[in-house]
Amino acid sequence: ALYNEADYINAALSFQKTYDITKDLGGTDTLALSNVALAYDIAGETDMALQKYNELVDMGFNDPLVYNSLANIYMTNKQDTATAEEYITKGRALFPNDYQLLIAETNLYLGRGENEKAIANLQKALETDPTNKTIWFALGTNYENTNNREKAAEAYQKAIDIDPTYSDAYYNMGAMYNNEAAEIIEAANELPLDAVEEYDREKAKADELLKKAVPYLEKSEELNPGNLATLQTLKQIYTILKNMEKLQEVNDKIKEVTQ
């Protein structure tokens, strides 16, 4: 009852008493001890939680929750990535199909910019949770970071299909097309002055990408109005495409946000 009433410290003490009684009788109640650790963890008593989780590890209590909880405490509360990784690695070796440990490992890779490893884990995570928009979004970001824009677009679109109100996915899709257009123009500007036809071809390619970006950015702005980054990107695109009517509209919105 104590546990359900959110009196987690008292719950931990109660579970500890149960564990100690069983121990005095020559038994080992690992369930009680795991509840002690969990109660301390939820209560924010991380040092006590670490002590109890490690007791479980030392006695060979193999449960993915223990390794995931240890990794989370070291990562979030102790800012000790190295120790967190040790527990994630041990946990993944014991429970290679555990979803939470997979996500914990993926977050490590994401934090270190190890995109290829993150992509492999995200793809595996989708086998368990194929309708998770956040995983699809993260997959798109990592594909984009490795310059695989086709795969990135597919992943962002999947996130949008799952949640048509997901403004971040619309923004990333539009920003990706905008960035690709900018790269083309930057390269075209390095062409010799007499390469007029080639420049015009490249400029046309860039304009088409900007046109593809517009509906995604406009939808993102519709869903998340007043976002200055989105408005500034749209302003730049409308200027390049010489869409004066839209440019005036977006300038008015920027004034509203910045005043």
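By convention here, the first residue in the shown sequence is residue 1.
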Q: Please determine whether residues F15 and M48 belong to a single hydrophobic cluster, defined as Ile, Leu, Val, Met, Phe, Trp and Tyr linked transitively by side-chain heavy-atom distances below 4.5 Å.
A: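 Linked, F15 and M48 end up in one cluster.
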Q: Locate the shortest heavy-atom distance separating N178 from A213; write the atom from each residue and the value.
A: N-CB, 4.1 Å
Q: For the hydrophobic clusters of this structure (ILVMFWY residues joined by side-chain heavy atoms under 4.5 Å, transitively), does one cluster hold both F61 and L65?
A: no
Q: Give, for atom NZ of K133 and atom CG of D161, the distance between the pair rounded to the nearest 0.5 Å.
A: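 Here the rounded value is 13.0 Å.
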Q: Under the side chain to side chain contact (heavy atoms under 4.5 Å, CB included) criterion, do Q236 and L210 qualify, and how do the steps go?
A: CA-CA 10 Å; Q236 180 185 31; L210 293 176; over 6 Å; no
Q: Salt bridge check, E85 against R112: does any charged N sit closer than 4.0 Å to a carboxylate O?
A: yes
Q: Is there a path of hydrophobic side-chain contacts, each under 4.5 Å between heavy atoms of I/L/V/M/F/W/Y residues, joining M176 to L231?
A: no
Q: Step through the shown structure and confirm whether more than 12 heavy atoms of other residues, nucleotides or ligands are within 6.0 Å of CD on Q79.
A: yes
Q: How many angstroms lie between CE in M59 and CG in L33, if you round to the nearest 0.5 Å?
A: 5.0 Å
Q: If we only count heavy atoms from C-beta on, is the V66 to S69 side-chain gap below 4.5 Å?
A: no
Q: Between K124 and E105, does at least one N-O distance fall below 4.0 Å, as a salt bridge requires?
A: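 No, no charged N to carboxylate O under 4.0 Å.
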Q: With a 4.5 Å limit on heavy-atom distance, are the side chains of T131 and W136 in contact?
A: no
Q: I would like to know whether N54 and Y87 meet side chain to side chain donor-acceptor pair (under 3.5 Å); could you show each step before the answer?
A: CA-CA 10 Å; N54 276 306; Y87 283 111; 2.6 Å; yes
Q: Is there a donor-acceptor contact under 3.5 Å from the side chain of N72 to the main chain of N68?
A: no
Q: Quick test of your reading of the model: are E208 and K211 salt-bridged, counting only N-O distances below 4.0 Å?
A: yes
Q: Over all heavy atoms of both residues, which pair between L223 and P164 is shortest? Give the atoms and the distance, please.
A: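 Smallest interatomic distance, heavy atoms only, reads CD1-O, 3.9 Å.
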Q: I need the K219 NZ to T165 OG1 distance, nearest 0.5 Å.
A: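 These two atoms lie 9.0 Å from each other.
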Q: Report, as yes or no, whether the 6.0 Å neighbourhood of atom NZ on K151 holds more than 12 heavy atoms from other residues, nucleotides or ligands.
A: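 No, because the 6.0 Å sphere around NZ of K151 holds 12 heavy atoms or fewer from other groups.
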Q: Please test D47 against Q51 for side chain to side chain donor-acceptor pair (under 3.5 Å), starting from the C-alpha separation and ending with a verdict.
A: CA-CA 6 Å; D47 288 337; Q51 179 185 324; over 6 Å; no
Q: Taking atom CG of D129 and atom OH of Y99, what is their separation to the nearest 0.5 Å?
A: 4.0 Å
Q: If you draw the axis of the six-membered ring of Y74, does the NZ or CZ of K78 fall within 45° of it and under 6.0 Å from the ring centre?
A: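 No, a cation-pi geometry is absent between K78 and Y74.
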Q: Do Y216 and Q157 touch side chain to side chain, with heavy atoms closer than 4.5 Å?
A: yes
Q: Output the distance between atom OG1 (T128) and atom CG (L102), rounded to the nearest 0.5 Å.
A: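 Nearest 0.5 Å value for the OG1-CG distance: 7.0 Å.
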Q: For A181 and A206, work out which heavy atoms get closest and say how close.
A: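 Minimum heavy-atom separation between A181 and A206: CB-O, 3.5 Å.
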Q: Are Q248 and K246 packed together at the side-chain level, in the sense that at least one heavy-atom pair is separated by less than 4.5 angstrom?
A: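 Q248 does not reach K246 side chain to side chain.
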Q: Identify the heavy atoms of A12 and V36 that sit nearest to each other, and give their distance.
A: O-CG2, 3.6 Å
Q: For the NZ atom of K117 and the CG atom of N142, what is their distance to the nearest 0.5 Å?
A: 13.0 Å
Q: Quick one: do K253 and E256 make a salt bridge, cutoff under 4.0 Å?
A: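 Salt bridge flag = no for E256 with K253.
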Q: Kindly write out the residues that satisfy side chain to side chain contact (heavy atoms under 4.5 Å, CB included) with T18, not counting sequence neighbours, or none if the list is empty.
A: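 Here the qualifying residues are D29, A32.
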Q: For the residue pair T230 and E221, what are the closest heavy atoms and their distance?
A: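 Looks like CG2-CB, 3.9 Å.
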Q: Return yes if some donor-acceptor pair links the side-chain N/O of S14 with the main-chain N/O of N10 below 3.5 Å, else return no.
A: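 Pair absent, no side-chain N/O of S14 close to backbone of N10.
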Q: Does one hydrophobic cluster hold both L228 and I237, with members joined at side-chain heavy-atom distances below 4.5 Å?
A: yes
Q: Less than 4.5 Å apart, any side-chain heavy atom of V214 and any of Y177?
A: no
Q: Within a strict 4.5 Å, meaning less than it, do heavy atoms of the L108 and I88 side chains meet?
A: yes
Q: Under 3.5 Å, is there a donor-acceptor pair between the side chain of T76 and the main chain of I73?
A: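 No, the answer is negative, given that no donor and acceptor are paired below the 3.5 Å cut-off.
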Q: Quick one: are Y199 and P192 in side-chain contact, heavy atoms under 4.5 Å?
A: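 Side-chain contact under 4.5 Å: no.
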Q: Can you hop from I254 to L234 via hydrophobic side chains spaced under 4.5 Å?
A: yes
Q: Within a strict 4.5 Å, meaning less than it, do heavy atoms of the D20 and K17 side chains meet?
A: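 No, every pair of side-chain atoms sits at 4.5 Å or beyond.
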Q: Tell me, with the steps shown, if Y171 and N224 meet side chain to side chain contact (heavy atoms under 4.5 Å, CB included).
A: CA-CA 10 Å; Y171 177 81; N224 184 24; over 6 Å; no
Q: Checking side chain to side chain contact (heavy atoms under 4.5 Å, CB included) for the pair Y67/V57: CA distance, chi angles, key distance, verdict?
A: CA-CA 8 Å; Y67 290 93; V57 171; 4.0 Å; yes
Q: In sequence, state the C-alpha distance, the side-chain angles, and the governing distance for Y156 and D168, and then conclude on side chain to side chain contact (heavy atoms under 4.5 Å, CB included).
A: CA-CA 9 Å; Y156 289 142; D168 287 346; over 6 Å; no
Q: For a quick test of reading the model, state the closest non-hydrogen atom pair linking G174 to L217 and the distance between them.
A: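 Nearest heavy atoms, G174 then L217: CA-CG, 3.9 Å.
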